[in-house]
Amino acid sequence: MGAVTSPKQDRSRATRQRLLESAVACLAVHGWAGSTVSVVAEHAGVSRGAAQHHFPTREDLFTGAVEYVAEERSAALRALPVQGRAEVVAALVDLYTGPLFRAALQLWVAASNEEQLRPRVTELEARVGRETHRIAVNLLGADETRPGVRETVQGLLDMARGLGLANLLTDDGARRRRVVTQWAVLLDEALG
């Protein structure tokens with residue numbers, strides 16, 4: 001039997017989720033400097049006090065937001081039906097070309113300059129990176145006991161991150177599609 005929740009608990013969970021989603025949206029659009037707790041609260045349609053009830057510090061809010069969306073995206077990737085490598089490569093590249101990557105990048109830049117934020121973001125990025133690698137290995141049907149396979153999968157993820165960076169300033173969709181197609185061919189050759 002499932003747990004029974006009260007309307008108040010449901011509202012609290014809904015408020016928390018709106019804050020997390022708004023924090024990612026604000027980071028992606030306004031960057032770290034323009035994304036204050038007040039800006040996020042306004043975007044989420046809640047008071048600053050409600051935001052601080054759920055997230056006592058700005059760092060709590062933004063690391064929680066990036067972690068939340070990363071977990072959602074990982075769950076979506078894990079749920080993908082087994083497909084061809086081209087579709088898997090495209091799905092992995094999509095991780096690095098959307099608003100989550102843009103928000104995460106803003107958080108990384110802020111963490112590079114803020115000692116208080118750096119350890120939290122470093123730990124979060126390491127955890128998300130390991131999970132993304134595990135999912136990629138699974139989706140690609142890669143055998144990491146074979147020499148070079150682990151590095152090949154990591155190279156794919158590093159390439160995807162680079163494509164995400166290229167996409168920040170201009171729409172790089174046409175070139176990205178060609179690169180994804182070529183990487184799928186290379187992975188077929190490398191992974192067998």
Side-chain angles (χ1 to χ4, degrees), residues 20-35 43 62-63 65-113 121-192:
L20 292 170
E21 291 169 354
S22 291
V24 170
C26 289
L27 263 180
V29 172
H30 304 295
W32 176 256
S35 297
H43 186 272
F62 289 106
T63 56
V66 171
E67 183 173 23
Y68 165 76
V69 178
E71 288 170 3
E72 292 289 308
R73 186 65 180 139
S74 292
L77 278 175
R78 283 191 297 273
L80 283 175
V82 176
Q83 314 175 59
R85 288 205 172 116
E87 292 83 6
V88 171
V89 171
L92 291 167
V93 168
D94 285 348
L95 273 177
Y96 297 98
T97 55
L100 171 62
F101 178 72
R102 189 176 288 271
L105 184 60
Q106 294 294 333
L107 202 57
W108 297 339
V109 170
S112 73
N113 296 312
V121 173
T122 301
E123 188 275 327
L124 172 62
E125 174 57 23
R127 191 167 13 104
V128 169
R130 285 188 302 271
E131 177 67 8
T132 302
H133 187 96
R134 275 192 296 274
I135 292 169
V137 166
N138 185 48
L139 290 173
L140 292 166
D143 176 5
E144 287 193 306
T145 63
R146 291 182 42 219
V149 169
R150 179 173 184 71
E151 293 77 10
T152 300
V153 172
Q154 191 58 51
L156 164 63
L157 296 174
D158 291 344
M159 179 273 306
R161 189 176 294 120
L163 289 174
L165 287 171
N167 195 57
L168 287 172
L169 299 176
T170 61
D171 179 6
D172 202 25
R175 183 178 73 89
R176 188 170 54 250
R177 283 187 293 279
R178 292 190 307 273
V179 171
V180 164
T181 300
Q182 182 59 30
W183 259 90
V185 170
L186 293 172
L187 284 172
D188 278 335
E189 292 171 2
L191 302 179

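Because the structure is predicted, anything quoted here is derived from the model rather than measured. Heavy-atom basis, side chains included; hydrogens, waters and symmetry copies ignored.
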Student: What's the spacing between Glu21 CD and Cys26 SG if we round to 0.5 Å?
Tutor: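 Going from CD on Glu21 over to SG on Cys26, the span is 12.0 Å.
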Student: Closer than 3.5 angstrom, by distance alone: can the side chain of Arg176 be matched with the main-chain N or O of Ala160 as a donor-acceptor pair?
Tutor: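 A pair under 3.5 Å: no.
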Student: Are any of the side-chain heavy atoms of Arg175 and Arg178 separated by less than 4.5 Å?
Tutor: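 The answer is yes; the side chains approach within 4.5 Å.
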Student: So, Thr170 versus Asp172: side-chain donor-acceptor pair below 3.5 Å or not?
Tutor: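 No, no side-chain donor-acceptor pair sits under 3.5 Å.
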Student: Can you tell if the side chain of Leu156 reaches within under 4.5 Å of the side chain of Met159, non-hydrogen atoms only?
Tutor: yes
Student: Looking only at non-hydrogen atoms, find the nearest pair between Val89 and Ala184 and report the distance.
Tutor: CG2-CA, 4.2 Å
Student: Run the side-chain donor-acceptor check on residues 91-107: report pairs under 3.5 Å with partners two or more places apart or on a different chain.
Tutor:
residue, atom, partner, partner atom, Å
Thr97, OG1, Asp94, O, 3.4
Arg102, NH2, Leu168, O, 3.4

Student: Any sub-3.5 Å donor-acceptor pair from Ser35's side-chain atoms to Trp32's backbone N or O?
Tutor: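 No, the answer is negative, given that no donor and acceptor are paired below the 3.5 Å cut-off.
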Student: Applying salt bridge (charged side-chain N to carboxylate O under 4.0 Å, His left out) as the test, list every pair that has at least one member in residues 152-164; sequence neighbours left out.
Tutor: Glu125-Arg161, Asp158-Arg161
Student: Kindly indicate whether the side chain of Arg127, heavy atoms from C-beta on, has any atom under 4.5 Å from the side chain of Leu124.
Tutor: yes
Student: Taking only residues at least two apart or on different chains, which pairs with a member in residues 182-192 satisfy side chain to side chain donor-acceptor pair (under 3.5 Å)?
Tutor: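 Those involving residues 182-192 are Arg85-Asp188.
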Student: Please find the pair of heavy atoms, one from Thr152 and one from Gly148, that lie closest to each other, and give the distance.
Tutor: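 Shortest heavy-atom separation between Thr152 and Gly148 comes out as OG1-O, 2.7 Å.
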Student: Would you check if there is a donor-acceptor pair between the side chains of His133 and Glu144 at a distance under 3.5 Å?
Tutor: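 Note: Glu144 and His133 side chains meet the donor-acceptor criterion.
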Student: Donor-acceptor check, side chain of Glu87 to backbone of Gly84, threshold 3.5 angstrom: yes or no?
Tutor: yes
Student: Could you walk me through whether Arg146 and Val149 pass the side-chain contact (heavy atoms from CB on, under 4.5 Å) test, one step at a time?
Tutor: CA-CA 6 Å; Arg146 291 182 42 219; Val149 169; 3.6 Å; yes
